[in-house]
Amino acid sequence: MDFHRNGVLIIQHLQKDYQAYYNFLNFMSNIGDPQNIFFIYFPLWFQLNQTVGTKMIWVAVTGDWFNLIFEWHAGGRGL
């Protein structure tokens, strides 16, 4: 399968058919930015509930680690 071609087709579909949702999708993308977990969500939740905050940081670190491993494994093929 050509993952790169499929990715391009999906991006073209989203850009063409969901232009009306641009502001909403951009907002959600900014909220879900992994950097926000470390600088906004973790400190907030850790102050409110240390158990939740600790779990949140472990999920973020583990997810970031898996992302790094998958990118390394893909060897820059753009999976």
Side-chain angles (χ1 to χ4, degrees):
M1 281 202 231
D2 187 5
F3 290 110
H4 179 72
R5 182 176 177 276
N6 290 338
V8 170
L9 291 174
I10 289 171
I11 290 170
Q12 287 175 341
H13 168 70
L14 290 171
Q15 288 176 342
K16 185 179 87 173
D17 296 335
Y18 290 92
Q19 285 181 345
Y21 298 102
Y22 172 78
N23 290 332
F24 173 73
L25 293 174
N26 193 37
F27 173 73
M28 293 304 291
S29 178
N30 289 332
I31 286 178
D33 184 1
Q35 184 178 8
N36 289 340
I37 291 174
F38 295 105
F39 295 116
I40 298 173
Y41 304 129
F42 167 70
L44 176 67
W45 274 104
F46 192 78
Q47 291 301 314
L48 296 173
N49 186 327
Q50 289 184 356
T51 303
V52 173
T54 303
K55 288 178 182 179
M56 181 180 291
I57 201 69
W58 274 111
V59 167
V61 167
T62 305
D64 201 29
W65 182 78
F66 273 117
N67 186 39
L68 178 68
I69 296 299
F70 289 144
E71 287 177 3
W72 171 76
H73 180 68
R77 291 186 301 239
L79 293 176

| Evaluation steps, side chain to side chain contact (heavy atoms under 4.5 Å, CB included), between I40 and L44 | CA-CA 6 Å; I40 298 173; L44 176 67; 5.6 Å; no
| said: Go through it in stages, so that I can follow the logic: the residues are L14 and I10, the test is side chain to side chain contact (heavy atoms under 4.5 Å, CB included), and I'd like the CA-CA distance, side-chain angles, deciding distance and then a yes or no. | reply: CA-CA 6 Å; L14 290 171; I10 289 171; 4.1 Å; yes
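In terms of modelled atom types and a separation under 3.5 Å, the side chain of T54 and the main chain of Q50 share a donor-acceptor contact. Within the 3.5 Å criterion, the main-chain N or O of Y41 finds no donor-acceptor partner in the side chain of N36.
Side-chain contact between F42 and V59: absent, with no pair of heavy atoms (C-beta onward) separated by less than 4.5 Å.
Between M56 and W45, the closest heavy-atom pair is CE-CD1, 3.4 Å. Nearest heavy atom pair, residue A60 against residue I37, reads CB-CG2, 3.4 Å. Minimum interatomic distance between T51 and N49 (heavy atoms only, all atoms of both residues): N-OD1, 3.0 Å.
Note on V52: it clusters hydrophobically with L48, by side-chain heavy-atom contacts below 4.5 Å among ILVMFWY residues. Both Y21 and I31 are assigned to one and the same hydrophobic cluster, defined by single-linkage of ILVMFWY side chains at heavy-atom distances under 4.5 Å. Under the 4.5 Å side-chain heavy-atom criterion for Ile, Leu, Val, Met, Phe, Trp and Tyr, F24 and Y18 are members of the same hydrophobic cluster. Transitive grouping of hydrophobic side chains (ILVMFWY, heavy atoms separated by less than 4.5 Å) brings F27 and L25 into a common cluster.
In this structure, N67 CG and T62 OG1 are separated by 12.5 Å, a value rounded to the nearest 0.5 Å. Note that the CG atom of D64 and the CZ atom of F66 stand 12.0 Å from one another [nearest 0.5 Å].
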